[in-house]
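The next block holds one structure in the form of structure tokens; read it before the comments.
Below, chain A is the first sequence line, B the second, and so on; all start at residue 1.
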Amino acid sequence: MPELPEAERARQVLDRAAVGRTIARVDDHDPFVCRPHGAGEIDAVLRGATVTAARRRGKHLWLETDAGVDLSLHLGMSGSFRVDEPEAPRGWDRFALEFEDGTRVALRDKRRLGRALLDGARGRLGPDAAAVTRDAFRTRVGGSRAAVKARLLDQSALAGVGNLLADEALWRARIDPRAPGTSLDVESLDRLRVALRASIRAALLPNAGSGAGTFARARRKGYCPRCGSPLSRATVGGRTTYWCPSEQLGAPAPAKGEAAAYRGT
DNA sequence: AGCATTGTTTCACA
DNA sequence: TTGTGAAACAATGC
């Protein structure tokens with residue numbers, strides 16, 4: 001269940017279970033998860049290599065090794081790392097690293113949208129949403145006429161924000177997800193950045209499960225947790241979006257010919 | 001049965 | 001150029 005906070009937790013798992021260990025064998029049999037590599041290709045390159053660091057940017061993870069090759073990992077929509085657990089049923093362990101000391105780290109992913117590949121490209125990834133500076137945030141999110149939520153979801157503008165986290169941050173900052181980035185004043189942009197960081201921090205607390213955000217839960221019930229208004233729902237930035245119509249006013253979209261795709265409340 | 005989906009990429013089109 | 005929507009990817013859950 002990966003957005004930035006889940007990816008960071010996963011990185012911490014890798015930090016503990018993989019860094020400093022030497023790879024004895026790689027299970028890279030799944031042609032979809034490991035594409036474009038063929039089965040055995042990653043194993044051939046990484047066998048004998050020692051993992052030197054576990055890194056993250058946005059939702060992208062990678063392990064650095066002393067073989068001069070990185071192993072890029074992405075959790076997709078349903079992936080997670082499991083350490084020393086019994087093999088998952090139905091082949092849900094799509095990829096695994098087996099270390100010389102017996103430790104086994106598996107990428108468990110029912111939906112198979114996760115990825116494991118050598119030297120994956122990260123060039124078009126924006127700054128990490130948890131570390132982005134105030135000025136960079138103003139420019140990247142406020143510098144586009146696209147709906148602010150679409151901007152938040154654009155990994156090349158800002159890395160790490162997913163659908164739920166975007167709704168949560170916009171709700172906390174009381175900004176209409178449909179508002180064009182360029183319509184937001186500096187105060188609103190700064191407030192959004194603070195709200196985003198607070199949402200990320202909350203999701204990283206030890207007792208916060210995935211999707212545990214205040215608003216993520218409220219989405220299901222359909223009412224604003226602060227004022228009780230029925231939430232509005234529409235597709236924004238290509239994803240199902242919920243917001244509080246009485247609080248998230250920000251700056252309504254000018255709606256030039258864009259006949260808004262309202263569906264329901 | 002049908003529909004929706006916490007992610008990414010690509011493509012057609014305005 | 002910029003932005004959008006849909007489709008594809010694969011599989012599960014309601």
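If you take CZ of A/Arg233 and C1' of B/dA4, they are 8 Å apart, rounded to a whole angstrom. Computed from coordinates, the A/Asp154 CG to C/dG3 P distance equals 9 Å when rounded to whole Å. Rounded to whole angstrom, the span from the CZ atom of A/Arg122 across to the C1' atom of B/dT8 amounts to 16 Å. Rounding to whole angstrom units, CG of residue A/Asp30 and P of C/dC9 are separated by 15 Å. Put simply, CG on A/Leu125 is 9 Å from P on B/dT9, counting in whole angstrom units. Between A/Arg35 atom CZ and B/dG7 atom C1' there is a gap of 12 Å when expressed in whole angstrom units. Rounded to an integer number of Å, the gap from NZ of A/Lys149 to C1' of C/dG3 is 16 Å. The nearest whole Å value for the distance from the CZ atom in A/Phe95 to the C1' atom in C/dA10 is 19 Å.
A search for side chain to side chain donor-acceptor pair (under 3.5 Å) contacts involving A/Arg111 returns nothing, not counting sequence neighbours. Residues forming a side chain to side chain donor-acceptor pair (under 3.5 Å) with A/Asp101 (at least two apart in sequence, or on another chain): A/Arg21, A/Thr103. Residues passing the ring-ring contact (aromatic ring centres under 6.0 Å, His included) test with A/His37: none are found, sequence neighbours excluded.
Closest to the side chain of A/Ala146, out of C/dA11, C/dG3, B/dT6, is C/dG3. Distances from the side chain of A/Glu3 to the nucleotides B/dT8, B/dT6, C/dG3 place B/dT6 closest. In the set C/dG3, B/dG7, C/dA11, the nucleotide with an atom closest to the side chain of A/Arg94 is C/dA11.
Taking atom P in both B/dT5 and C/dG5, one finds a spacing of 15 Å when rounded to whole Å. The gap from the C1' atom of B/dA1 to that of C/dC9 amounts to 22 Å, rounded to the nearest Å.
Using modelled atom types, one finds a donor on one side chain and an acceptor on the other under 3.5 Å when comparing A/Asp109 with A/Ser78.
For the pair A/His74 and B/dT8, the criterion of a side-chain N or O lying under 4.0 Å from OP1 or OP2 is met. Contact between the side-chain N/O atoms of A/Arg115 and the OP1/OP2 oxygens of B/dT9 is not found at any separation under 4.0 Å. Under 4.0 angstrom from either OP1 or OP2 of C/dA11 there lies no side-chain N or O belonging to A/Ser78. Side-chain N/O atoms of A/Arg239 include one lying less than 4.0 angstrom from OP1 or OP2 on B/dT6. Of the side-chain N and O atoms in A/Trp92, none sit less than 4.0 angstrom from OP1 or OP2 of C/dA11.
Cation-pi geometry between A/Arg226 and A/Trp171 is satisfied (NZ or CZ under 6.0 Å from the ring centre, within 45° of the ring normal). The cationic group of A/Arg115 lies under 6.0 Å from the six-membered ring centre of A/Phe32 and within 45° of the ring axis, placing it in a cation-pi geometry.
A salt bridge links A/Arg56 with A/Glu8; the closest basic N to acidic carboxylate O contact falls under 4.0 Å. Between A/Asp190 and A/Arg193, no side-chain nitrogen of the basic residue sits less than 4.0 Å from a carboxylate oxygen of the acidic one, so the salt-bridge criterion is not met. Under the 4.0 Å criterion applied to side-chain N and carboxylate O atoms, A/Lys149 and A/Asp176 are not assigned as salt-bridge partners.
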Secondary-structure string, 5' to 3', Watson-Crick or G-U under 3.5 Å, | for another-strand partners, for DNA chain B:
.||||.||||||||

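Within residues 106-114 of chain A, the residues that place at least one heavy atom under 4.0 Å from DNA chain C are, in residue-number order, A/Lys110, A/Arg111, A/Arg112, A/Leu113.
Here A/Arg90 lies in heavy-atom contact (under 4.0 Å) with sugar-phosphate atoms only. At the heavy-atom level, A/Arg124 lies nowhere under 4.0 Å from the strands shown.
Annotation: salt bridge (Lys or Arg N to Asp or Glu O under 4.0 Å) contacts involving residues 31-45 of chain A, sequence neighbours excluded, comprise A/Asp43-A/Arg47.
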